[in-house]
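Structure record follows, encoded as structure tokens.
Keep in mind that what you see is a predicted model, and the values were worked out from it rather than measured. FYI, side chains are in, hydrogens and waters are out, and symmetry mates aren't considered; it's all heavy atoms of this structure.
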Number of protein chains: 2
Amino acid sequence: MNGDLIKAQDIFLGRVNQTCNKFGLNNIMAQVYALLYLCGKPLSLDDMVERLRISKGSASINIRALERYDVVRKVWVKGSRRDYYEAQVDIEKVVMDRIKSAIQTRLTEVDGMINLSTSALDIVDFSDEEEKEAVEIFRQRLDRLRKLHGKAKELFDLFDTSLLTTALVSETEETAK
Amino acid sequence: MNGDLIKAQDIFLGRVNQTCNKFGLNNIMAQVYALLYLCGKPLSLDDMVERLRISKGSASINIRALERYDVVRKVWVKGSRRDYYEAQVDIEKVVMDRIKSAIQTRLTEVDGMINLSTSALDIVDFSDEEEKEAVEIFRQRLDRLRKLHGKAKELFDLFDTSLLTTALVSETEETAK
DNA sequence: TTTAACGTTTAAAACATTTTAAACGAATAT
DNA sequence: ATATTCGTTTAAAATGTTTTAAACGTTAAA
């Protein structure tokens with residue numbers, strides 16, 4: 001049996017690991033997905049454990065996270081009691097989904113931040129003449145933030161409603177060979 | 001002296017902290033910037049230490065990181081030996097710079113990943129008939145990744161060269177009041 | 001000079017996250 | 001029934017990151 005393929009895959013997987021650190025992603029989750037993506041055939045938990053030298057618990061937890069994200073699928077393999085998983089190979093969709101979700105989370109978060117702070121500012125007592133200017137600056141900053149958020153949201157909606165997305169997302173749903 | 005303003009600012013700062021965790025950003029760095037952004041006037045290290053209840057070392061390290069990112073500026077205050085800092089108030093620019101830099105880092109990282117793996121794959125010995133198919137799948141996956149990377153890069157360049165950016169970036173350089 | 005006021009560095013601590021090993025329970029095979 | 005093969009759970013260990021307190025060096029004041 002020829003080990004060159006394994007070696008080449010390991011180089012890819014190693015690099016995925018490195019990339020993950022820079023991206024702030026979970027190493028094992030990404031590696032599990034990468035392995036499934038590369039192999040193009042269903043693997044069992046034990047396959048992953050052996051191939052990536054990780055614990056079974058970790059494999060179990062991470063594969064289910066990947067399932068929730070809809071980037072891997074559980075498949076049934078005839079004659080085996082094990083759970084097998086295969087990667088969603090439409091990587092464009094996977095990446096787009098993640099990016100969109102990340103942006104949306106952040107936009108919502110910032111929106112909440114602005115609203116909360118605006119309410120807080122409205123309660124400030126204006127009697128103190130000395131603070132009037134500081135309050136005014138605070139208000140200006142919030143306005144500016146609000147404007148930025150609005151524009152970002154517009155841009156995201158544009159991004160979301162195809163116009164730009166079509167340029168990026170897989171043209172055909174050709175799934176492997 | 002009226003504490004309402006402080007309270008309102010604290011609410012904002014608290015929320016920034018919470019937001020940071022979700023964003024994977026450094027809490028103190030963001031809080032320092034947020035404080036300077038809100039106050040709209042130069043603050044010294046000790047001001048930040050007192051206002052945010054952080055250590056001086058932390059303030060020092062983080063303010064310099066912010067300086068490197070070009071989001072705060074050291075300013076000279078007459079009659080004081082301290083270093084004072086003020087926020088770059090053009091928040092659109094700050095955010096855009098960060099986003100662009102993040103995207104570029106990731107694109108470069110992925111590019112490296114693809115190239116490295118491609119080289120690794122080229123070395124694989126083809127003699128083993130059984131592995132031929134697996135190698136082919138690997139190759140297909142890499143091709144697909146390369147395509148995605150290419151499109152992402154195109155999109156980013158579009159984003160970078162104004163077309164979309166103009167919609168987002170500050171129209172005038174009006175710097176506070 | 002000597003002293004005081006700074007900003008910076010650094011080693012240790014506090015903290016959060018990830019990973020593991022082992023125990024567990026459910027399902028199937030014997 | 002019993003034993004085995006699975007996936008999951010969980011408490012503890014490993015790891016990585018952030019934060020601090022204290023020591024340090026430098027500059028300006030006294």
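Side-chain contact check for B/D83 versus B/I63: every heavy-atom pair is 4.5 Å or farther apart.
Pairs passing the ring pair (Phe, Tyr, Trp, His ring centres under 6.0 Å) check and including a residue from residues 91-117 of chain B, sequence neighbours excluded, do not occur.
With sequence neighbours excluded, the residues forming a side chain to side chain donor-acceptor pair (under 3.5 Å) with B/S44 are B/D47, listed by chain and number. Residues meeting the side chain to side chain donor-acceptor pair (under 3.5 Å) test with A/D70, sequence neighbours left out: none. Taking A/R82 as the reference, A/D46 meet the side chain to side chain donor-acceptor pair (under 3.5 Å) condition, with sequence neighbours excluded. Scanning for salt bridge (charged side-chain N to carboxylate O under 4.0 Å, His left out) contacts around B/R146 gives B/D143, with sequence neighbours left out.
Following rounding to the nearest Å, A/N17 (CG) and D/dG16 (P) show an atom-to-atom distance of 11 Å. Summarising the geometry, the separation between CG on B/N21 and P on D/dT17 is reported as 16 Å, rounded to the nearest angstrom. Rounded to whole angstrom, the span from the CG atom of A/L43 across to the P atom of D/dG7 amounts to 12 Å. Here the P atom of nucleotide C/dG7 and the CZ atom of B/R64 are 11 Å apart, to the nearest Å. Rounded to an integer number of Å, the gap from CE of A/M48 to P of D/dT8 is 11 Å. For the pair B/L45 CG and C/dT9 P, the computed distance is 12 Å after rounding to whole Å.
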Which side-chain N or O atoms in residues 17-33 of chain B pair as donor and acceptor under 3.5 Å with protein atoms at least two apart or in another chain?
residue: B/N17; atom: OD1; partner: B/N27; partner atom: ND2; Å: 2.6
residue: B/Q18; atom: NE2; partner: A/E109; partner atom: OE2; Å: 3.4
residue: B/T19; atom: OG1; partner: A/E109; partner atom: OE2; Å: 3.3
residue: B/T19; atom: OG1; partner: B/R15; partner atom: O; Å: 2.9
residue: B/N21; atom: OD1; partner: B/N27; partner atom: ND2; Å: 3.3
residue: B/N26; atom: OD1; partner: B/I28; partner atom: N; Å: 2.9
residue: B/N26; atom: OD1; partner: B/M29; partner atom: N; Å: 3.2
residue: B/Q31; atom: NE2; partner: B/L13; partner atom: O; Å: 2.9
residue: B/Y33; atom: OH; partner: B/Q88; partner atom: O; Å: 2.8

Give every pair of a protein N or O atom and an N or O atom of nucleotides 19-21 of chain D that lie under 3.5 Å apart, one pair per line with the distance.
residue: D/dT19; atom: OP2; partner: B/N26; partner atom: OD1; Å: 3.4
residue: D/dT20; atom: OP2; partner: B/S55; partner atom: N; Å: 2.9
residue: D/dT20; atom: OP2; partner: B/S55; partner atom: OG; Å: 3.4

Produce the list of close N/O pairs, under 3.5 Å, pairing protein atoms with atoms of nucleotides 13-15 of chain C; give distances to one decimal.
none

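Hydrophobic side-chain contacts under 4.5 Å tie B/W76 to no other Ile, Leu, Val, Met, Phe, Trp or Tyr residue. Side-chain heavy-atom separations under 4.5 angstrom define the hydrophobic clusters, and the remaining members of the one that includes A/L116 are B/I11. In the hydrophobic clustering, where aliphatic and aromatic side chains (Ile, Leu, Val, Met, Phe, Trp, Tyr) are joined below 4.5 Å either directly or transitively, A/V49 stands alone.
Within a heavy-atom distance below 4.0 Å of DNA chain C, the residues of residues 65-84 of chain B found are B/R81, B/R82, B/D83.
Shown here is A/E50, whose CD atom has no more than 12 heavy atoms of other residues, nucleotides or ligands within 6.0 Å.
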